[in-house]
Amino acid sequence: MAYWLLKTEPSDFSFDDLVKAKRAVWDGVANNTALIHIRRVKKGDLAIIYHTGDEKAAVGIAEVVTDAYPDPRAADSKVVVFDLKPKQRLAKPVTLKQIKADPLFAEWELVRISRLSVMPVPTAIWKRINQLSED
DNA sequence: GCCAACGTTGGC
DNA sequence: GCCAACGTTGGC
């Protein structure tokens, strides 16, 4: 079981939208590095949903409900997607500011590669984010 | 195959 | 609104 972080622009698709929809296909990713990560996504994995733009904060946890599969709506077979459902909202959002302030996160892609929209989350980072959301 | 020009993302 | 950090495209 692996952990992921998924970025989304909330005015486009937010964690609330996922809660309302109850289930969604995570599509629209074109970046090759992000697609390489998506290919490793498995049913049962958990994902942090992170809002970009004005919010810049982790807001909720989602559960992956399918393995990665080729996007049936994409012409390019390299494009892969997966389905997920909402699991829980974080008690409090964890902001990018908080993440940048903590040295534990310094080497993480979220801080180092701002454009990357899908990335793995090491267990230590997963735990710390959950901790920060409860403080 | 290289690289300049351009486009995109996301933070500031 | 700007810019850094990429990725992509197209000419050579």
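A note on names: the letters A, B, ... follow the listed sequences, proteins ahead of strands, and every chain is numbered from 1.
Atom CZ in Arg115(A) sits roughly 6 Å away from atom C1' in dT8(B) (whole-Å rounding). Rounding to whole angstrom units, CG of residue Asp54(A) and P of dG11(B) are separated by 10 Å. Per the geometry, CG belonging to Asn31(A) stands 10 Å off P belonging to dT9(B), to the nearest Å. Counting to the nearest Å, the P atom of dG11(B) and the CZ atom of Phe105(A) are 15 Å from each other. Here dG7(C) presents its P atom at 11 Å from NE2 of His37(A), a figure rounded to the nearest Å. Counting to the nearest Å, the P atom of dG10(B) and the CG atom of Asp12(A) are 10 Å from each other. In this structure, the CD atom of Glu55(A) is 14 Å from the P atom of dG10(B), given to the nearest Å. Taking atom CG on Leu116(A) and atom C1' on dT9(B), their separation rounds to 11 Å, with Å as the unit.
In this model, a donor atom of one side chain and an acceptor atom of the other lie less than 3.5 Å apart for Asp45(A) and Trp4(A).
Look at Tyr50(A) and you'll find a side-chain N or O under 4.0 angstrom from OP1 or OP2 of dG11(B). A close approach under 4.0 Å does occur between a side-chain nitrogen or oxygen of Thr33(A) and OP1 or OP2 of dG7(C).
Across Val64(A), Ile49(A), Leu46(A), a single residue satisfies side-chain contact (heavy atoms from CB on, under 4.5 Å) together with Lys87(A), and that is Leu46(A).
Counting any heavy atom pair closer than 4.0 Å across all strands shown, Lys100(A) reaches sugar-phosphate atoms only and no base atom. Within the nucleic acid shown, Leu96(A) comes within 4.0 Å of sugar-phosphate atoms alone, with no base atom in reach, counting heavy atoms only.
More than 12 heavy atoms of other residues, nucleotides or ligands lie within 6.0 Å of CG in Asn32(A), so this atom counts as buried by the packing criterion.
Arg89(A) and Asp16(A) are joined by a salt bridge, as a carboxylate oxygen and a charged side-chain nitrogen come within less than 4.0 angstrom of each other.
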